[in-house]
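Worksheet for the structure shown next.
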Amino acid sequence: MNFLDELNEAQRAAVLCNDVPTLVIAGAGSGKTRVLTYKIAYLLSQGVPSYAILALTFTNKAAREMKERIGSLVDIHTVRRLAMGTFHSVFSRILRSEAEKIGFTSNFTIYDSADSKSLIKAIIKEMQLDDKQYKPQNVAARISNAKNKLISAQMYLSDAEMLHADVRSRMPMVKDIYQIYAARCKQADAMDFDDLLFYTNVLFKQNPEVLEKYRRIFQYILVDEYQDTNYAQYLIVQRLAEKHRRVCVVGDDAQSIYSFRGADISNILHFKNVYPESKTFKLEQNYRSTQNIVNAANSLIRKNKNQLHKNVFSEKSEGAPITVLSTFSDMEESFLVSRQIAAMMARNRYNYSDFAILYRTNAQSRVFEESLRKLSIPYKIYGGLSFYQRKEIKDVIAYLRLSLNKNDEEAFRRIVNYPTRGIGATTVAKVEDCARTQEITAMEVMANPLAFNLDVNAGTAKKLIAFSAMMNEFSQIAQTQDAYQTANKIIKQSGISEDVYKDKSVESISRQENIEELLSAIHGFVEDRLEQGETAAPLSDFLSEVSLLTDQDKEGEEDRNKVTLMTVHAAKGLEFKNVFVVGLEEQLFPSERSVNSENDLEEERRLFYVAITRAEEHCTISYARSRFRNGQTNYSNPSRFIHDIDERYLVLPDEMRSLEPRFSGLKDYQSFGNRDVAKPVSGLDFRKLKPVSASPARSHNGVGAQHSSLTPGTRIRHERFGTGTIESINGEGDNTKIWVDFGNNERRQLLLKFAKFTIL
DNA sequence: GTAAGAAAAATTTTT
DNA sequence: TTTTTCTTAC
């Protein structure tokens, strides 16, 4: 195999090892994707049929790119038949073909996160719970969490740990919401994202013959980004690989940044325990970045306790040190970064696409937009509201969904009165109420409201029947015509086009463009299908594909040669010649919500590690002493993470002179925006200026008085986190904080004033 | 049933 | 600050 010569020793060894479980620990920039693509190409060249290779990636984009690369190594036609894609897309296809076995139809709808949240919100309302206490977002997260751990609604009822956690977060009714939510999804013939993994496990568990079938088909299993898999994903892989054990997982524990979504880093840390005969390969040579960048990143990640030992090194040139930029305000930060990009463009032969600005939160993009535009630098922002989340797109999709699945409750609710047709909230509530008590679908009630003794006047009843008739017609169209024709007709006949095209406002035009774009996407889908020799391109196929797409999957020609702006999360897996990591401030990066938990803090540090290791040639870190956030100016200190990097690899700002405006571009800076005048920060910590509460320190559980007796080593029981040992006590009065080790790797800092615990 | 104004909330998010 | 959700008056 001549292409094997293009690999280094460790990479080649990993590619050639295919008969035992294989763990590839791949440092940043070490050619992880290369190993995966060459491994697949190698297997194909050894005569393994393409359908026997199951390759699971974390994004559609990664799958597509990998397919392209493999296509350049082997015959393009074999590549098409690879079972390659995200967990969600691969297993949603399997679920569709086996749907009846688990009580769904093959046309089931996929609820996106907005649908789930909206349904949960509706349930909370029906249960007459306070939605301040039961925030749909939080409840959704709890349910998602349970599903990722494969805890069904039924099992949840007897899961002491989950129930306890709900009580502690003052949401004891989550268990009941979960019951209803699960039942309603099933009734609607709908699965949410988590269900796709959850029900795959159910399918395999309840139908051994089905599992056996797929075990036989998927002879080789490869998983990318294994550090970010959750338990449900782990178990799917485990089940499929259990017998033949030809499984290869690739990942980097140092880049695990999705635990807040259920990713479990122990999947990769404990792979060896699950597969004792496995072989481990470490890819440690970084081909992406200069030595300085690699060394700086290494010194940072060394501060984390939880990690596999690695020695990532670079043989590229030493390169420039990482520059740390201190600025007075977020606006100055954006200005200096933009100006730096302009300067580098002028000096070197860079393209705009060689630059990326990475931040912790999407909200930070705004000021950069402004200053980049001022300097006429083209840019592209990733994230924010994605195409498929836009209202007008979701509306159209909802029509398409309801045409195929009359049970789709969320689609129904969304469009029953859009465009407005005189079916208001009260009426809808009556219809839904009736549907629930009669145990039928809302659409059935709509078709014949009088038969169900619905308490509406004749005029309203007529409207309901009209809507029902219209949807029936759409269903007919959807079953006989292709996706493009169907969508086209629905948009015209539903009144959407009338509504969207009626005025010429900027928003309205943009909505029109979006709908056009959707239509052309559907058109493209149909053509694609026909080209590939399929006989038909029905709407159902389009919908099942589109619900798993994200913005990053749409490639835009117009995006070439632009500066990239994105969150660090979104930058995972990407690389740029020049990277600016901005907003390195306490309370922002690390996020203020993470600082009280050692585990969360380590994840933030990994996130920073990911950010730095995106850079090939230059990396610049910046922080602003004042930042406009949530409507007010906040002051903060440079991030602790900057101090985690070995100073040998940094150029630090001369903070002693920072009270004087040093930057030469003062004039430009002021002209470019003056929301607030950047103030030099004296040694004062503004947060301490808040009035001290007049009431005496509250005592909880009657322990307040005993707090003076706390010393390191004291055992306590915390209401929320369980029992732990006090490690240290800092600060005075109301500001006293303690670090507590709760075992299980969980260290937390608690503010004594608020912490509810008892001394043991 | 709708539209306009008030009030409240505002991480990260491959699917 | 902006964005979303809730109230209130027509």
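This structure is a prediction, so every number in the text was calculated from the model and none was measured. All chains are named by letter (A, B, ...) in the order of the sequence lines, taking the proteins before the strands, and each is independently numbered beginning at 1. All heavy atoms count here, side chains included; hydrogens, waters and symmetry mates do not.
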Using the [atom1] atom in both, what is the distance from [N] to [M], to the nearest Å?
{"N": "C:dT5", "M": "B:dT12", "atom1": "P", "value": "16 Å"}
{"N": "C:dT3", "M": "B:dT14", "atom1": "C1'", "value": "25 Å"}
{"N": "C:dC6", "M": "B:dT11", "atom1": "C1'", "value": "24 Å"}

At under 4.0 Å between heavy atoms, what does [X] touch on the DNA or RNA strands: base, sugar-phosphate, or nothing?
{"X": "A:Y258", "answer": "base"}
{"X": "A:T426", "answer": "sugar-phosphate"}
{"X": "A:T427", "answer": "sugar-phosphate"}
{"X": "A:G424", "answer": "sugar-phosphate"}
{"X": "A:E604", "answer": "base"}
{"X": "A:S113", "answer": "base"}

Whole angstroms only, please: what is the [atom1]-[atom2] distance between [X] and [N]?
{"X": "A:Y359", "N": "B:dT11", "atom1": "OH", "atom2": "C1'", "result": "13 Å"}
{"X": "A:N630", "N": "C:dT4", "atom1": "CG", "atom2": "P", "result": "14 Å"}
{"X": "A:K125", "N": "C:dT5", "atom1": "NZ", "atom2": "C1'", "result": "10 Å"}
{"X": "A:N634", "N": "B:dA10", "atom1": "CG", "atom2": "P", "result": "16 Å"}
{"X": "A:K463", "N": "B:dG1", "atom1": "NZ", "atom2": "P", "result": "8 Å"}
{"X": "A:N148", "N": "B:dT13", "atom1": "CG", "atom2": "C1'", "result": "12 Å"}
{"X": "A:Q137", "N": "B:dA8", "atom1": "CD", "atom2": "P", "result": "20 Å"}
{"X": "A:D330", "N": "C:dT1", "atom1": "CG", "atom2": "P", "result": "14 Å"}

Counting only side-chain heavy atoms from C-beta out, which of [options] sits nearest to [X]?
{"X": "A:H569", "options": "B:dT11, B:dT13, B:dT14", "result": "B:dT13"}
{"X": "A:T567", "options": "B:dT12, C:dT5, C:dT1", "result": "B:dT12"}
{"X": "A:R261", "options": "B:dT11, B:dG1, B:dT13", "result": "B:dT13"}
{"X": "A:T361", "options": "B:dT2, B:dT14, B:dT12", "result": "B:dT12"}

Does the side chain of [X] get closer than 4.0 angstrom to OP1 or OP2 of [N] through an N or O atom?
{"X": "A:N362", "N": "B:dA10", "answer": "no"}
{"X": "A:K121", "N": "C:dC6", "answer": "yes"}
{"X": "A:R366", "N": "C:dT3", "answer": "yes"}
{"X": "A:N417", "N": "B:dT2", "answer": "yes"}

So does [X] pair up with [Y], basic N to acidic O under 4.0 Å?
{"X": "A:D252", "Y": "A:K32", "result": "no"}
{"X": "A:E575", "Y": "A:R288", "result": "yes"}
{"X": "A:E369", "Y": "A:R366", "result": "no"}

Assign each of A:Q389 and A:K132 to its nearest nucleotide of DNA chain B by heavy atoms, then name whichever residue's nucleotide is nearer the 5' end.
->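 On the 5' side of the pair lies A:K132.
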Between A:V568 and A:K135, which is nearer to the 5' end of DNA chain B once each is assigned its nearest nucleotide?
->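 Whichever sits nearer the 5' end wins; that is A:K135.
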Among A:D194, A:N230, A:V202, A:N201, find the residue that satisfies the side-chain contact (heavy atoms from CB on, under 4.5 Å) test when tested with A:L150.
->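 That would be A:N201; it is the only one of A:D194, A:N230, A:V202, A:N201 passing the side-chain contact (heavy atoms from CB on, under 4.5 Å) with A:L150.
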May I ask you to decide if the ring planes of A:F525 and A:F542 are parallel, tilted or perpendicular, using 30° and 60° as cut-offs?
->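 Taking A:F542 first and then A:F525, their aromatic rings stand perpendicular (interplane angle over 60°).
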Write down the partner of B:dT13 under the Watson-Crick or G-U wobble criteria, each distance required to be under 3.5 Å.
->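 Pair assignment: B:dT13 / none.
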Between A:Y382 and A:H569, is the gap from one ring center to the other below 6.0 Å?
->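 Ring centres of A:H569 and A:Y382 not closer than 6.0 Å.
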Looking at the rings of A:Y231 and A:Y234, which for Trp means the six-membered one, are their centres under 6.0 Å apart?
->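 Under 6.0 Å, so yes.
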Indicate, yes or no, whether a donor-acceptor pair under 3.5 Å links the base of B:dT11 to the side chain of A:R360.
->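 For A:R360, whose side chain was compared with the base of B:dT11, there is no donor-acceptor pair (under 3.5 Å).
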Is A:F260 stacked on the base of B:dT12, with ring centres under 5.5 Å apart and planes under 30° apart?
->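 Per 5.5 Å and 30° rule: yes, stacked.
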